[in-house]
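Report on one structure; see the data block that follows.
Naming: A, B, ... by sequence-line order, numbering from 1 per chain.
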Protein chains: 2
Amino acid sequence: MRRGNPWICKRMREEGMRMTQARAIILNIFAGNQGEHFSAQEIFFIAHRINPGIGFATVYRTLDLLAQMGIIQKLEFGDGLTRYEMTEAMENVPHHHHLVCTECGKVIDYTEFTDEEKELFAKVEKELSEKYKFKIKNHIIQFCGICNNCGERR
Amino acid sequence: MRRGNPWICKRMREEGMRMTQARAIILNIFAGNQGEHFSAQEIFFIAHRINPGIGFATVYRTLDLLAQMGIIQKLEFGDGLTRYEMTEAMENVPHHHHLVCTECGKVIDYTEFTDEEKELFAKVEKELSEKYKFKIKNHIIQFCGICNNCGERR
DNA sequence: TGCATTATTGATAATAATTATCATTTTTAT
DNA sequence: ATAAAAATGATAATTATTATCAATAATGCA
């Protein structure tokens with residue numbers, strides 16, 4: 001049976017890995033909810049509704065795997081949960097960053113100003129990778145502060 | 001007894017908090033090692049050498065407190081440990097960002113190109129805080145990739 | 001299509017970082 | 001010096017993540 005994005009299937013095949021039901025389901029969750037950042041728990045519950053056989057360990061393993069492959073990206077907003085979202089390397093994922101409220105944990109995605117950012121970061125990435133012999137795969141940009149709601153509650 | 005940075009003492013006093021021995025020791029560790037990012041464990045061991053009475057819970061509590069006050073900043077590099085470093089709001093802390101190896105966890109600080117970054121980010125922060133009514137306190141910028149060592153080992 | 005090989009899975013136990021509890025100790029203002 | 005309240009340390013509790021291992025499912029090939 002062939003499932004999910006053929007490009008990803010191919011890449012897995014090439015490295016001796018298999019495109020399994022669990023992996024396809026988890027990939028679909030990300031593909032169908034671009035711009036959302038899921039914790040392992042959230043992925044588990046959604047996946048579990050689709051196929052109740054899926055276990056927690058598989059979710060963690062799959063998230064690790066997809067992150068290693070550069071398909072999803074690890075994010076940490078400071079609330080103790082690791083979250084994941086599709087990388088910009090994937091189709092249809094717009095360049096965006098995050099605004100994180102350090103009080104309530106709320107996360108806002110923003111896409112403004114990113115053309116300028118994009119240019120600057122492309123330049124910085126190039127120079128840094130040369131200077132430090134570092135192969136840069138992605139970047140994380142977060143603005144931390146207090147959101148509207150939390151700010152008013154004082 | 002008066003201890004540590006007078007400005008910080010004052011701020012604590014104003015909010016009904018006290019400048020204690022433990023807090024002064026932990027503050028000194030950060031002040032004396034700018035640009036380093038410490039995990040709670042590391043802070044515990046260093047503080048413990050200075051005053052073996054200090055307990056783990058106090059370290060966690062103090063780190064939380066200093067982060068709330070904007071004196072230190074929480075960082076997560078994806079290895080499961082939360083780390084902290086002095087914020088740029090503090091004296092003598094240069095503007096810098098991080099290069100994180102997703103393979104071995106190595107972190108390189110860099111300070112290049114940050115003048116341009118600084119300008120752009122000042123602008124972005126201003127616009128974002130207006131648009132989203134968000135009071136921005138700091139930002140986190142990380143480039144993730146594979147370091148020299150890990151890249152060669154294949 | 002059926003079969004053998006082997007990656008993957010699910011259930012569960014183990015690990016490890018962080019948080020909560022509470023009696024005791026320190027700090028501070030008076 | 002003392003009373004009031006904040007902070008501490010020891011430890012238990014919580015919780016996210018990782019490791020283990022027998023059972024299962026995916027793949028390549030006949």
Side-chain angles (χ1 to χ4, degrees), chain A residues 1-4 6 8-27 37-45 47-48 50-69 72 74-84 102 105, chain B residues 1-4 6 8-27 37-45 47-48 50-69 72 74-84 102 105:
Chain A
M1 197 201 310
R2 177 140 312 158
R3 278 175 294 225
I8 296 176
C9 282
K10 184 154 162 289
R11 276 198 54 196
M12 286 196 171
R13 208 81 52 66
E14 282 167 3
E15 305 195 36
M17 294 184 291
R18 295 166 183 184
M19 174 54 73
T20 66
Q21 226 184 91
R23 288 173 185 174
I25 288 173
I26 292 174
L27 273 166
H37 0 79
F38 296 104
S39 66
Q41 310 236 13
E42 288 166 344
I43 291 290
F44 172 77
F45 286 120
H48 201 260
I50 298 170
N51 176 347
I54 288 179
F56 238 108
T58 299
V59 169
Y60 276 106
R61 278 183 295 227
T62 304
L63 293 174
D64 260 15
L65 179 71
L66 298 179
Q68 279 300 321
M69 291 178 71
I72 61 177
K74 240 178 161 174
L75 295 171
E76 301 179 86
F77 297 133
D79 66 348
L81 294 195
T82 301
R83 288 160 204 281
Y84 299 85
T102 53
Chain B
M1 198 202 309
R2 179 137 314 158
R3 278 175 292 226
I8 296 176
C9 282
K10 185 154 162 288
R11 277 198 54 196
M12 287 195 171
R13 208 79 55 63
E14 282 167 2
E15 305 196 34
M17 295 184 291
R18 294 166 182 181
M19 175 55 74
T20 65
Q21 226 184 91
R23 289 173 184 174
I25 289 174
I26 291 173
L27 272 166
H37 0 79
F38 296 104
S39 66
Q41 309 238 11
E42 287 165 345
I43 291 289
F44 172 77
F45 287 119
H48 201 260
I50 298 169
N51 176 348
I54 288 179
F56 238 109
T58 299
V59 170
Y60 276 105
R61 277 183 297 230
T62 304
L63 293 175
D64 259 15
L65 179 72
L66 298 179
Q68 278 300 320
M69 292 178 70
I72 61 177
K74 241 179 161 172
L75 295 171
E76 301 180 85
F77 297 132
D79 66 348
L81 293 194
T82 301
R83 288 160 204 282
Y84 300 84
T102 54

Of B/Gly55 and A/Gly80, the one whose closest DNA chain D nucleotide lies more 5': B/Gly55

Atom-to-atom span, CG of B/Asp79 to P of D/dT17 - whole angstrom: 13 Å

side-chain N/O A/Arg61 vs D/dT18 OP1/OP2, d < 4.0 Å: no

So, does the side chain of A/Arg13 form a donor-acceptor pair with the base of D/dG28 at under 3.5 Å? no

Does A/Gln41 place a side-chain N or O at less than 4.0 Å from the phosphate oxygens OP1/OP2 of D/dA16? yes

side-chain N/O B/Thr58 vs D/dG9 OP1/OP2, d < 4.0 Å: yes

I'd like to know if the side chain of A/Lys74 reaches the main chain of B/Gly78, judged simply by a donor and an acceptor atom lying under 3.5 Å from each other, with no hydrogens or angles considered. yes

Looking only at the aromatic ring of each residue, does the gap between the centers of B/Phe38 and B/Tyr84 stay below 6.0 angstrom? no

Result for 5'-nearest mapping on DNA chain C, choosing between A/Val59 and B/Ala40, is A/Val59

When you measure from the side-chain N and O atoms of A/Tyr60 to the phosphate of D/dT18, is any distance below 4.0 Å, counting only OP1 and OP2? no

Of the nucleotides D/dT17, D/dT8, D/dA7, which one has an atom closest to the side chain of B/Met17? D/dA7

So A/Val59 and A/Ile54, side chain to side chain contact (heavy atoms under 4.5 Å, CB included) or not? Walk me through it. CA-CA 8 Å; A/Val59 169; A/Ile54 288 179; 4.0 Å; yes

Whole Å only: how far is the CD1 atom of A/Ile54 from the P atom of C/dT12? 17 Å

Report the distance from atom CG of B/Leu65 to atom P of D/dA6, rounded to the nearest whole Å. 14 Å

Options D/dG9, D/dA7, D/dT18, nucleotide nearest the side-chain atoms of B/Ala57: D/dG9

Expressed in angstrom and rounded to an integer, what is the separation of A/Met19 atom CE from C/dT9 atom C1'? 15 Å

Nearest to the side chain of A/Arg18, which nucleotide is it out of D/dA16, C/dT27, D/dA25? D/dA25

Want to settle it: does A/Arg23 or B/Leu81 sit nearer the 5' end of DNA chain C, counting the closest nucleotide to each? A/Arg23

Regarding the side chain of B/Thr20, the nearest nucleotide among C/dT19, C/dT9, C/dT27 is C/dT27

Rounding to an integer number of Å, can you tell me how far B/Gln21 CD sits from C/dT24 C1'? 16 Å

Provide, to the nearest angstrom, the distance between the OH atom belonging to A/Tyr84 and the P atom belonging to D/dA16. 13 Å

Without decimals, in angstroms, what is the distance between A/Phe44 CZ and D/dT17 C1'? 14 Å

For the side chain of B/Glu15 and the backbone of B/Met12, is there at least one donor-acceptor N/O pair under 3.5 Å apart? no

Rounded to whole Å, the CD-C1' distance (A/Glu15 to C/dT6) equals 17 Å

Base, sugar-phosphate, or nothing: which does B/Ser39 touch, judged by heavy atoms less than 4.0 Å apart? nothing

May I ask you to decide if the ring planes of A/Phe56 and A/Phe44 are parallel, tilted or perpendicular, using 30° and 60° as cut-offs? parallel

